[in-house]
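All remarks here apply to the structure that follows.
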Number of protein chains: 2
Amino acid sequence: MVKKTKSGFKKNTDSVSNAFSRSGMSMQEVESKLVDHGIQPSLQRIKLAQYLLGKADHPTAEQIYTWAQKELGKISLATVYNTLSTFIECGLIQEFKFPHLDQVIYDCRMDHHFHFVDTKSQRLHDVDSGSLRVQLKLPKKFLVEKFDIVFKGVIED
Amino acid sequence: MVKKTKSGFKKNTDSVSNAFSRSGMSMQEVESKLVDHGIQPSLQRIKLAQYLLGKADHPTAEQIYTWAQKELGKISLATVYNTLSTFIECGLIQEFKFPHLDQVIYDCRMDHHFHFVDTKSQRLHDVDSGSLRVQLKLPKKFLVEKFDIVFKGVIED
DNA sequence: TTTTACTTTTAGAATGATTCTAATATTTTA
DNA sequence: TAAAATATTAGAATCATTCTAAAAGTAAAA
Ligand SMILES: [Mn+2]
Ligand SMILES: [Mn+2]
Ligand SMILES: [Zn+2]
Ligand SMILES: [Zn+2]
């Protein structure tokens, strides 16, 4: 269970506290963000959030795990999945499942948006929902509430 | 390997030959269709094709297996998967993967079309590609080759 | 017809992403 | 400090699908 806490909550983050200073948010910024979302900022959660929010681009659990192992030396795969579930539950990230991939991808963008799959690099690019218009003619008894759309193609040059 | 054959190829289909006379194609029609696609019409393949082409509606492998067990008494799950692969390879059916389902669904419609998921019944409805228009504004280096789209909603009444 | 080659079916093992379990470690609260 | 709550962990379990290797069926060759 993730619970809000009042007091400071100091952990032994010293050994890795500046590993990420060059990109994304600092440890302190990430920690604040976690607390804002009602998540207790353990070392593992801070590091994973730092990766997810600042450095990664639509990573899979496997990529997150691999990065975290390099960064923390030792972390359980179960912790990665537990933490991802917690982050999703608390609205810090969202997950996407795509027909072309048998792994879930995690996304720090929380707005409604879509994706373009570069079939050369297999990399995902965000597509703002404003850049898309969909017109659909169906019998009126079909009440569309949402849709998922994934574009596939290549990127020139 | 699926190979075309010239000669007649009679099998012991007598015990089940009229189980499907009331809906979809007859055994003979299905058999012709298989042969047309270069598929040797074994009993298992005929029955599975009869289900897929005439009776089923976007079934999963599990549903196909369950139906086939009732129909044939005994069939291996491996045969179901092997046969589905063969049918896909030969252009008799296509498969779809959806983000909301952890199982593949098989579709006898071979034209380009989309799907509407009724969130009440979880049933899929076909959406003709002509009933949809998508306008996308992306930087010109993104060359879109195709897109997958799935609509979710409910059906009134 | 017998032999041989090929194809199909099969049971069960393997795979791989994710979830679960149940024990241990850490942190908070009393 | 003691007790309660929460977080992390290793490894087992799950489940759709694929793989393996043997048995069964069918066709073509001899
Ligand atoms: Mn990946
Ligand atoms: Mn189903
Ligand atoms: Zn995204
Ligand atoms: Zn369809």
Under 4.0 Å from OP1 or OP2 of dA17(C): is there any side-chain N or O of Thr60(A) that close? no
Will you find, in the side chains of Asp118(A) and Ser121(A), an N or O donor that is under 3.5 Å from an N or O acceptor? yes
Check whether any side-chain nitrogen or oxygen of Ser42(B) sits under 4.0 Å from OP1 or OP2 of dT7(C), and answer yes or no. no
In whole angstroms, the gap separating P of dT18(C) from CD1 of Ile88(A) amounts to 10 Å
Residues at least two apart in sequence or cross-chain that pass side-chain contact (heavy atoms from CB on, under 4.5 Å) with Lys70(A), listed by chain then number, are Thr66(A)
Gln44(A) has its side chain closest, among dT17(D), dT7(C), dT8(D), to dT8(D)
Atom CD of Glu95(B) and atom P of dA16(D) are separated, to the nearest Å, by 16 Å
Closest to the side chain of Arg45(A), out of dT8(D), dT10(C), dT7(C), is dT8(D)
To the nearest angstrom, the CD1-P distance between Ile64(B) and dA16(D) comes to 14 Å
Separation of dT8(D) atom P from Ile46(A) atom CD1, nearest Å, is 10 Å
Residue set satisfying side-chain contact (heavy atoms from CB on, under 4.5 Å) with Gln122(A), at least two apart, ordered chain then number -> His100(A)
Between CG of Leu48(B) and C1' of dT10(C) the distance, given in whole Å, is 14 Å
Members sharing Val154(A)'s hydrophobic cluster, built from side-chain contacts under 4.5 Å between Ile, Leu, Val, Met, Phe, Trp and Tyr, are Leu143(B)
In whole angstroms, the gap separating C1' of dT7(C) from CD1 of Ile39(B) amounts to 14 Å
Query - Proximity of Phe151(B) and His115(B) rings by center, below 6.0 Å - result: no
In whole angstroms, the gap separating P of dT14(D) from CD of Gln103(B) amounts to 17 Å
side-chain N/O Thr79(B) vs dT10(C) OP1/OP2, d < 4.0 Å: yes
Closest of dT17(D), dT7(C), dA7(D) to the Gln40(B) side chain is dT7(C)
Would you say the ring centroid of His113(A) lies under 6.0 angstrom from that of Phe96(A)? yes
Quick one: is Lys74(B) getting a side-chain N or O under 4.0 Å of the dA11(C) phosphate, OP1 or OP2? yes
Sequence neighbours excluded, the answer for side-chain contact (heavy atoms from CB on, under 4.5 Å) partners of Ser85(A) is none
Counting primed atoms, P, OP1 and OP2 as sugar-phosphate and everything else as base, the B/S/- map of nucleotides 18-24 of chain D against protein heavy atoms under 4.0 Å is BB-----
Taken in chain and number order and not counting sequence neighbours, the residues that satisfy side-chain contact (heavy atoms from CB on, under 4.5 Å) with Tyr81(B) are Ala61(B), Leu77(B), Tyr106(B)
(Q) Counting only side-chain nitrogens and oxygens, does Ser76(B) get under 4.0 Å of the OP1 or OP2 atom of dA11(C)? (A) yes
To the nearest angstrom, the CG-P distance between Leu84(B) and dA16(D) comes to 15 Å
Side-chain atoms of Ala61(B) come closest, of dT27(C), dA11(C), dT17(D), to dT17(D)
Looking at every strand, decide which applies to Lys97(B) at a 4.0 Å heavy-atom threshold: base, sugar-phosphate, or nothing. nothing
